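A short worksheet on the structure shown next.
Nothing here was measured: the structure is a model prediction, and the numbers come from that model. Just so it is clear, the values below take in all heavy atoms, side chains as well, and ignore hydrogens, waters and symmetry mates.
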Amino acid sequence: MVVAPEPGRPPRLTLAQTRIPIPGIHRETKRLPRLQDALDFWQFSGAAANVAMQMGRPEVGRSIVESTVESGALMAHPWKRLRTTASYLAVAILGTPEEKAIYREAVNVAHRQVRSRPGAKVKYNAFDRNVQMWVAACLFIGFEDTYQLLNGKMNPEQAEAFYRSSSTLGTTLQVREDMWPATRVEFDEYWNDACARLAVDEDVRAYLDDLLHLRMIHWYLRVIFGGLLRFLTAGYLPPYFRERMGVEWSAADQRRFEHLFVFVAFVNRFFPRFLRAGGSATLMKDVRRRIRTQRALL
């Protein structure tokens, strides 16, 4: 259904355009799901897609393309960037208030270097709370999509409970608690409106092409894993994002993507929870060791 627009405005986007379809139905459980339940090694399968989604916002895309901070650049140091991002997520979800504050300050140090130059065609500042809200919303979408692909589509009560535990994805940055939409329905409205701001210029499109083709990792890893990761990345992108980024995706691709996760979800049930989420526990140990020994977090 297309939402009737205000006079002079294009039709509002719908969730069918801005979210990926989820097959299956979530089973009933004794406890309502929480964000912590989405900590699974399969969450990394959508990492590149999530970066691409974040870069769809012009302020994020241009800040990454124009960045002069080589030490944290994804294309120059992909494994370090993966560690620091995954560590941030672990702290945001599992960390104590004190650990969140320490990690926030470490991120702030890096963000102070991220601002547009005079005369830039897109103005940006890494401390812009509205842009950070967009990044946090993308992170939430990534966690929810992966969780539902593995466990089935949540009903409204389950989705609300899952959402209520997610605000720390933003508040561990500069997002105020009152900026995070109060209910899941309000978040969906925010998300559709925010997606309407997507704009991908040629420079950002070229960067995303490098990202989607994994040109930041060694060639032999691309040969082994490149095809699968490109397929997964395209599958995690919602239809509107694919359209704006020029990513091709067919009905047959969608069927293969869904069949893959039916298989993955089945196999995943045989792995103990502590193994599937073990990476997050290891990351938290590393973060706490770095804090204790006063080593750099980023």
Side-chain angles (χ1 to χ4, degrees), residues 3 12-40 42-47 49-51 53-54 56-57 60 85-86 88-97 100 104 129-198 236-241 261 265 273 276-277 280:
V3 179
R12 289 185 63 186
L13 295 172
T14 67
L15 291 176
Q17 294 171 286
T18 64
R19 297 299 306 272
I20 64 172
I22 302 293
I25 299 174
H26 195 288
R27 65 187 185 281
E28 292 294 330
T29 56
K30 294 181 180 179
R31 178 181 57 79
L32 291 172
R34 301 169 299 175
L35 186 63
Q36 294 93 317
D37 298 323
L39 291 172
D40 189 291
W42 266 96
Q43 75 190 62
F44 294 110
S45 64
N50 207 262
V51 173
M53 289 168 65
Q54 294 171 35
R57 177 100 172 205
V60 179
T85 301
Y88 168 80
L89 295 173
V91 171
I93 297 170
L94 301 174
T96 66
K100 289 182 174 71
R104 181 187 299 114
R129 286 188 172 93
N130 291 317
V131 175
Q132 289 194 8
M133 176 65 205
W134 164 256
V135 171
C138 289
L139 294 173
F140 168 74
I141 294 293
F143 274 110
E144 188 183 64
D145 284 348
T146 305
Y147 177 79
Q148 291 193 119
L149 285 168
L150 295 173
N151 297 280
K153 187 174 181 64
M154 292 182 280
N155 63 36
E157 182 185 17
Q158 292 167 333
E160 188 70 34
F162 188 89
Y163 174 73
R164 281 200 304 268
S165 64
S166 66
S167 63
T168 55
L169 292 174
T171 57
T172 306
L173 294 172
Q174 303 294 327
V175 178
R176 299 189 309 271
E177 188 70 41
D178 63 356
M179 293 177 65
W180 195 257
T183 67
R184 181 51 199 273
V185 170
E186 291 177 51
F187 176 84
D188 287 343
E189 293 174 353
Y190 160 80
W191 178 249
N192 284 341
D193 289 341
C195 287
R197 298 193 59 180
L198 261 62
Y236 272 106
L237 289 175
Y240 186 69
F241 286 77
F261 273 95
R273 173 69 186 162
R276 288 186 282 118
S280 298

Check: Do L39 and R273 pass the side-chain contact (heavy atoms from CB on, under 4.5 Å) test, and can you show the C-alpha distance, the side-chain angles, and the key distance before you say yes or no?
Finding: CA-CA 9 Å; L39 291 172; R273 173 69 186 162; 4.1 Å; yes
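- When side chains are defined from C-beta on, I93 does not count as touching S280, because their heavy atoms never get closer than 4.5 Å.
- Listed by chain and number, the residues in a ring pair (Phe, Tyr, Trp, His ring centres under 6.0 Å) with Y88 amount to none (sequence neighbours excluded).
- Qualifying side-chain contact (heavy atoms from CB on, under 4.5 Å) partners for T18, counting only residues two or more places apart in sequence or in other chains: L13, L15, W191, N192, C195.
- Not a single donor-acceptor pair under 3.5 Å links the side chain of E160 to the backbone N or O of E157.
- Checking side-chain atoms of K100 against main-chain N and O of G95 turns up a donor-acceptor pair under 3.5 Å.
- To the nearest 0.5 Å, atoms CZ (R164) and CG (L32) are separated by 7.5 Å.
- Side-chain contact check for W180 and Y163: at least one donor-acceptor pair (N or O, by modelled atom type) lies under 3.5 Å.
- How far OG of S45 is from CG of N50: 11.0 Å, rounded to the nearest 0.5 Å.
- No donor-acceptor pair closer than 3.5 Å links the side chain of Q158 to the backbone N or O of P33.
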Only pairs under 3.5 Å count here: list side-chain donor-acceptor contacts from residues 130-145, not counting sequence neighbours, and write none if there are none.
from: Q132; atom 1: OE1; to: Q174; atom 2: N; distance (Å): 2.6
from: Q132; atom 1: NE2; to: A126; atom 2: O; distance (Å): 2.7
from: W134; atom 1: NE1; to: Q54; atom 2: O; distance (Å): 3.1
from: E144; atom 1: OE1; to: R19; atom 2: NH1; distance (Å): 3.1
from: E144; atom 1: OE1; to: R19; atom 2: NH2; distance (Å): 2.8
from: E144; atom 1: OE1; to: R184; atom 2: NH1; distance (Å): 3.4
from: E144; atom 1: OE1; to: R184; atom 2: NH2; distance (Å): 3.0
from: E144; atom 1: OE2; to: R184; atom 2: NH1; distance (Å): 2.3
from: D145; atom 1: OD1; to: R19; atom 2: NH2; distance (Å): 2.6

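- Counting only distance, with no hydrogens or angles, the side chain of R104 and the backbone of T171 share a donor-acceptor pair below 3.5 Å.
- With hydrogens and angles disregarded, a donor-acceptor distance shorter than 3.5 Å links the side chain of T168 to the backbone of A92.
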Next item on the list: Evaluate the criterion side-chain contact (heavy atoms from CB on, under 4.5 Å) for residue pair Y147 and D40; output intermediate values, then yes/no.
Entry: CA-CA 8 Å; Y147 177 79; D40 189 291; over 6 Å; no
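- The line from OG1 of T14 to CG of D188 is 11.0 Å long, rounded to the nearest 0.5 Å.
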Note to self: Walk me through whether D37 and N151 qualify under side-chain contact (heavy atoms from CB on, under 4.5 Å).
What the structure shows: CA-CA 10 Å; D37 298 323; N151 297 280; over 6 Å; no
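- A distance-only check finds a donor-acceptor pair linking the side chain of S165 to the backbone of L35 [under 3.5 Å].
- The CZ atom of F162 sits 9.0 Å away from atom CD of Q36, with the distance rounded to the nearest 0.5 Å.
- Expressed to the nearest 0.5 Å, how far CD1 of I20 lies from CG of L237 amounts to 9.0 Å.
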Item checked: side-chain contact (heavy atoms from CB on, under 4.5 Å) evaluation trace for H26 with Q148 -> CA-CA 7 Å; H26 195 288; Q148 291 193 119; over 6 Å; no
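- Here the shortest heavy-atom pairing between L149 and A265 reads O-CB, 4.1 Å.
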